[in-house]
Amino acid sequence: MIAAILLVLLGLAYQVGWSRSRALATSGGGRFHSRFHYHGALVAIWAVAPAALILGLWALFGQTVSASYVQSLLPVELVSAGGNPLATAISRVRALASGYGVAGEVADYEAAAADALARFQLIVTLIVVGSAAACGILALLFARRRITPRLRARNQVERAITLLLVACSAIAILTTVGIVASLVSEAIRFFTFVNPLDFFFGTVWNPVFSSTGGGSGRYGLLPLLWGTTMIAIIAMLVALPIGLMTAIYLNQYAPRGVRAVVKPIVEILAGIPTIVYGFFALTTVGPFLSGFGAMIGLDIRGTSALTAGLVMGIMIIPFISSLSDDILSQVPTSLRDGSYGLGATQSETIRRVLLPAALPGIVGAFLLAVSRAIGETMIVVLAAGNSPVLRANPLEPTSTVTVSIVNQLTGDTDFTGPQSLVAFALGLTLFVITLCLNVVALYIVRRFREQYD
């Protein structure tokens, strides 16, 4: 509803501003500094800004106001108790007010509070929407009166767009900062229970859950880190040669019609949800590998690092293929023509000119794909076996950092003991690893790309 109100107000204000400037030009008002659409955009900005501010403030603080109002309707002894009982009571009243049922018998005070809350929400919603519409219309009329031939509408609109872009960039940066801050703060709490040396260099992962929140269990990172690395290595051994050869074929050998068909088919793999890959690994690839191992005398478990790595490699193929294809296309034609002019064959040109010229970009694509493999969750949850034991055999089950994060945060968690807080330490470790890989990849791409521009 909020978006609909803003869109209607935006379109109305733009039309009013455009029509006003057009009417002034038709009546011979003089030479205009800006085009008509800039006047319409300026009026639209003036009209939408106060309405968006009011609606945004209500979206931010509406739940708090609603909770305070519900508390005023509840019995004094329940409000004084606080904690979970109060939160549960507020949640039940809100569910009743919204029309959804609640489990158990509804108390008289809950029914009365729900009726009062429903009326309160209706009245407040009408007030907020009416205020936003009124402020928007007043701002629209004010902006319309400011339209003159010499109004620098274009400059003001571009300044507003610049501020909007800066705000979007700030939101992205602040979001990243918030994620890092939350991980660091909770990881520091975890290290008050567990020695950092035991965590980063421990070889046993056995986080025993306890109701007392004590430091029971062993939290060695190395089994999880090795499992993550082993699966990523297997995935890249599958994805890198297949993806790179696919890119070379599509870029150098495939006719235009074949390329138009094959490239979209390969990229369809990137759009398949990872949970589907997990089911594919669990029901098809795992049993196939197990049966194949029995034929040749190897004990290959259906859920193992090999199963997860193979399926993850299939998932990453379009990632490497598309990036490598784009990078190969950016190699200047003059380099290829010069190679052909010196008598080199097509395969020699690919090996001695094309691949060396595109190597920095291919390496960057490889590192980005590695970071993608390290952060994968659903495939390894279903196909790796969830066995956090330090072993070098890829035919046995293993576990990864992401799987352990899921395990530690599944179910009721109160974040008071190391059993749950360890997930933040694992997340921070994974964040640092992927960040380093991405930084290295971007550095390689930017450092060497200029040599072939």
Side-chain angles (χ1 to χ4, degrees), residues 81-88 91 174-232 274-275 278 303-305 308 371-392 396-438:
N84 290 332
L86 178 60
T88 302
S91 178
L174 292 176
T175 301
T176 304
V177 171
I179 293 173
V180 174
S182 63
L183 289 176
V184 170
S185 61
E186 298 298 333
I188 291 174
R189 289 181 58 196
F190 166 73
F191 289 127
T192 61
F193 294 97
V194 178
N195 191 319
L197 294 178
D198 295 336
F199 174 73
F200 288 109
F201 300 102
T203 58
V204 177
W205 176 263
N206 185 24
V208 179
F209 281 87
S210 65
S211 59
T212 60
S216 60
R218 303 178 67 179
Y219 301 88
L221 176 64
L222 291 183
L224 306 180
L225 195 59
W226 171 243
T228 302
T229 304
M230 183 165 52
I231 291 177
T274 56
I275 187 65
T303 53
S304 62
S371 65
R372 176 70 178 85
I374 290 175
E376 175 55 38
T377 303
M378 293 311 302
I379 292 177
V380 291
V381 165
L382 296 176
N386 192 19
S387 178
V389 179
L390 188 61
R391 54 166 65 100
E396 295 289 332
T398 187
S399 187
T400 63
V401 174
T402 54
V403 172
S404 298
I405 293 175
V406 172
N407 291 336
Q408 299 308 118
L409 296 181
T410 300
D412 295 332
T413 55
D414 54 4
F415 302 107
T416 58
Q419 296 84 7
S420 299
L421 293 175
V422 68
F424 295 95
L426 294 173
L428 183 62
T429 304
L430 193 65
F431 176 82
V432 172
I433 293 173
T434 54
L435 178 64
C436 292
L437 289 173
N438 289 334

Starting at [atom1] of [X], measure out to [atom2] of [Y] and round the result to the nearest 0.5 Å.
X	Y	atom1	atom2	answer
Leu197	Phe201	CG	CZ	6.5 Å
Thr303	Glu396	OG1	CD	9.5 Å
Phe200	Leu221	CZ	CG	7.0 Å

With a 3.5 Å distance limit and no angle check, can you tell me whether [X] reaches the backbone of [Y] through a side-chain donor-acceptor pair?
X	Y	result
Thr402	Glu376	yes
Thr398	Ala305	no
Arg218	Thr203	no

Is any side-chain heavy atom of [X] closer than 4.5 Å to a side-chain heavy atom of [Y]?
X	Y	result
Trp205	Ser399	no
Thr377	Val406	yes
Val422	Phe193	no

Practice task
Would you please indicate yes or no on a ring centroid separation below 6.0 angstrom for Phe190 and Phe424?
Solution key: no

Completion exercise
Which of Thr229, Leu428, Ile374 passes side chain to side chain contact (heavy atoms under 4.5 Å, CB included) with Ile433? Answer is Ile374

Distance-minimising heavy-atom pair for [X] and [Y]:
X	Y	result
Ala384	Ile231	CB-CD1, 4.0 Å
Pro418	Val194	CB-CG2, 4.3 Å
Ser404	Leu224	OG-CD2, 3.1 Å

